[in-house]
Amino acid sequence: MHKIYYYYYRILSLSLYHFYHFWENKQSILKNGVILMFHHITDEDMDISPSCKCTISQFTSILDWLENKHIPIISLDEYLAHTQRYKKGGFAILTFDDISENVYEIAYPILKKRKLPFTVYIATNFLDKPGYIKKEQLLKLNQESLCTIGSHSVTHCYLRHSKELKKELNESKEILEKLTGKKISHFAYPYGTPFAVSLKTIYTVWKSSYCSAVSAIPSTLNKLTANMKFYLPRIDNAEFLKNITKLQ
């Protein structure tokens with residue numbers, strides 16, 4: 001428990017420093033890894049935060065930029081299995097939250113054609129709801145070797161204030177494991193900032209047999225943040241795109 005407290009406060013106190021210095025130093029991404037966070041991949045007009053929507057051309061431009069910079073896209077499992085190796089060079093991990101149906105219909109075919117690994121985090125109460133992925137679509141992703149399925153809680157609530165924290169973590173895990181027939185090892189905190197995630201939340205995730213958890217703290221996977229595998233940082237697509245010209 002003391003280790004969780006130690007790393008949590010370190011990441012909060014230094015994450016902004018690493019974030020701003022990441023963008024100022026255009027070579028930083030070549031030295032560190034980055035976990036990219038996506039929600040909707042669509043050209044439709046949507047009344048949502050820019051951080052939650054990425055057009056198709058924006059999505060492909062991100063993939064093209066990473067390819068042109070010779071930055072490999074790896075799976076979350078590969079990174080966790082070889083953390084020390086990936087401290088020596090730049091890489092990217094692609095993650096999708098919630099999951100909207102357009103991720104399955106638009107992003108998935110693009111990633112499959114390019115043979116790029118990705119992780120989807122499922123809020124189980126969203127399954128089969130209008131605009132979100134259907135169970136039969138999730139089962140098809142489950143058969144895809146490029147795809148890793150993770151949990152995003154049951155109801156997508158602020159876990160920091162939830163009176164049913166363990167249920168949110170364990171029930172979503174159990175539902176997905178029963179549905180996929182596979183162990184669910186990865187978790188994404190809904191909303192992902194300290195306003196939604198407490199020390200108790202992180203500790204409970206750690207004790208719930210997950211192997212990793214991702215946040216919405218904007219930073220690269222540097223020497224500091226890479227050690228916090230139950231509160232790994234991610235950069236959303238809008239923030240990445242806004243600063244991508246600085247990385248040319």
Side-chain angles (χ1 to χ4, degrees), residues 22 26-44 46 50-83 85-86 88-122 131-134 136-150 152 180 182 184-186 188 212 214 218 220-221 232-248:
F22 162 66
K26 64 183 181 181
Q27 297 301 318
S28 180
I29 196 172
L30 302 177
K31 300 177 181 178
N32 301 319
V34 61
I35 303 179
L36 294 176
M37 175 175 61
F38 301 92
H39 287 78
H40 293 273
I41 309 297
T42 181
D43 287 337
E44 294 182 11
M46 304 182 76
S51 66
C52 291
K53 180 190 172 183
C54 189
T55 67
I56 300 171
S57 63
Q58 288 172 338
F59 183 62
T60 56
S61 70
I62 289 174
L63 301 181
D64 290 341
W65 185 88
L66 292 169
E67 181 180 359
N68 292 337
K69 293 296 182 182
H70 306 290
I71 297 172
I73 295 174
I74 65 172
S75 70
L76 184 58
D77 284 319
E78 184 178 356
Y79 166 69
L80 292 170
H82 305 285
T83 305
R85 178 199 306 174
Y86 288 110
K88 300 178 181 179
F91 62 92
I93 298 170
L94 307 178
T95 66
F96 300 83
D97 288 7
D98 294 342
I99 294 292
S100 64
E101 197 166 27
N102 54 56
V103 169
Y104 178 82
E105 295 176 343
I106 298 174
Y108 171 46
I110 293 172
L111 296 170
K112 185 175 178 65
K113 183 177 181 181
R114 297 185 182 222
K115 300 180 180 180
L116 298 176
F118 60 99
T119 298
V120 295
Y121 293 106
I122 308 294
Y132 290 94
I133 194 170
K134 298 178 175 61
E136 55 264 35
Q137 294 171 326
L138 181 61
L139 290 175
K140 290 182 180 178
L141 286 181
N142 187 47
Q143 298 172 352
E144 174 58 66
S145 60
L146 294 169
C147 181
T148 299
I149 296 173
H152 199 33
T180 63
K182 296 178 181 179
I184 301 300
S185 301
H186 308 294
S212 77
V214 292
T220 59
L221 288 168
L232 292 167
R234 291 190 294 174
I235 297 175
D236 68 66
N237 55 269
E239 194 63 52
F240 191 83
L241 282 166
K242 185 173 70 175
N243 292 280
I244 205 169
T245 55
K246 299 179 184 179
L247 299 168
Q248 299 297 336

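Small disclaimer: the values here were computed from a predicted structure and weren't measured. Computed from heavy atoms alone, side chains included, the values below leave out hydrogens, waters and symmetry copies.
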Rounded to the nearest 0.5 Å, the CZ atom of F118 sits from the OG1 atom of T95 at a distance of 11.5 Å

Under a 4.5 Å cut-off applied to non-hydrogen side-chain atoms, are I133 and L141 in contact?
yes

Taking all atoms of both residues into account, what is the closest heavy-atom pair of A92 and I71, and its distance?
N-CG2, 4.0 Å

Roughly how far apart are L66 CG and L36 CG, rounded to 0.5 Å?
6.5 Å

Using salt bridge (Lys or Arg N to Asp or Glu O under 4.0 Å) as the criterion, list what pairs up with D43, not counting sequence neighbours.
none

Counting heavy atoms not belonging to K140, are there more than 12 under 6.0 Å from its NZ?
no

Is the shortest heavy-atom distance from the side chain of I93 to the side chain of I74 under 4.5 Å?
yes

Nearest-0.5 Å distance that lies between atom OG1 in T180 and atom CD1 in I122
10.0 Å

Would you say that F38 contacts L94 through its side chain, given a criterion of any heavy-atom pair below 4.5 Å between the two side chains?
yes

If we only count heavy atoms from C-beta on, is the C147 to V120 side-chain gap below 4.5 Å?
yes

Distance, nearest 0.5 Å, that separates CG of L241 from CD1 of I235:
11.5 Å

Non-hydrogen side-chain atoms of T148 and L76 separated by less than 4.5 Å
no

Sequence neighbours excluded, which residues qualify as ring-ring contact (aromatic ring centres under 6.0 Å, His included) partners of H40?
none

Show the atom names and distances, to 0.1 Å, of all donor-acceptor pairs under 3.5 Å that link a side chain in residues 51-59 to residues at least two apart or in another chain.
{"from": "S51", "atom 1": "OG", "to": "S49", "atom 2": "OG", "distance (Å)": "2.9"}
{"from": "K53", "atom 1": "NZ", "to": "E44", "atom 2": "O", "distance (Å)": "2.5"}
{"from": "T55", "atom 1": "OG1", "to": "S57", "atom 2": "OG", "distance (Å)": "3.3"}
{"from": "T55", "atom 1": "OG1", "to": "Q58", "atom 2": "N", "distance (Å)": "3.1"}
{"from": "T55", "atom 1": "OG1", "to": "Q58", "atom 2": "OE1", "distance (Å)": "3.3"}
{"from": "Q58", "atom 1": "OE1", "to": "T55", "atom 2": "N", "distance (Å)": "2.9"}

Mind telling me whether Y121 and H152 have parallel, tilted or perpendicular rings, with 30° and 60° as the class edges?
tilted

Please examine the side chains of I73 and P117, heavy atoms only from C-beta on, and report whether any two atoms are closer than 4.5 Å.
yes

Using distance only, find each side-chain donor-acceptor pair of residues 106-113 under 3.5 Å and give its atom names and separation, not counting sequence neighbours.
{"from": "Y108", "atom 1": "OH", "to": "E144", "atom 2": "OE1", "distance (Å)": "2.7"}
{"from": "K112", "atom 1": "NZ", "to": "E144", "atom 2": "OE1", "distance (Å)": "2.8"}

Going through the distances and angles, do H186 and D77 end up as a side-chain contact (heavy atoms from CB on, under 4.5 Å)?
CA-CA 9 Å; H186 308 294; D77 284 319; 2.7 Å; yes

Between the CD1 atom in I35 and the OG atom in S212, the distance rounded to the nearest 0.5 Å is 7.5 Å

Quick test of your reading: applying salt bridge (charged side-chain N to carboxylate O under 4.0 Å, His left out), list the pairs with at least one residue in residues 90-110, sequence neighbours left out, ordered by first then second residue.
D97-R234, E101-K134

Regarding N237 and H39, do their side chains bring together a donor and an acceptor under 3.5 Å, going by distance alone?
no

Please round to the nearest 0.5 Å and tell me the distance separating atom OG1 of T220 and atom CG of N32.
4.0 Å

Measure across P72 and G90 and return the closest heavy-atom pair with its distance rounded to 0.1 Å.
CD-O, 3.4 Å

Which residue pairs pass the salt bridge (charged side-chain N to carboxylate O under 4.0 Å, His left out) test when at least one of the two sits in residues 56-66, sequence neighbours left out?
D64-R114

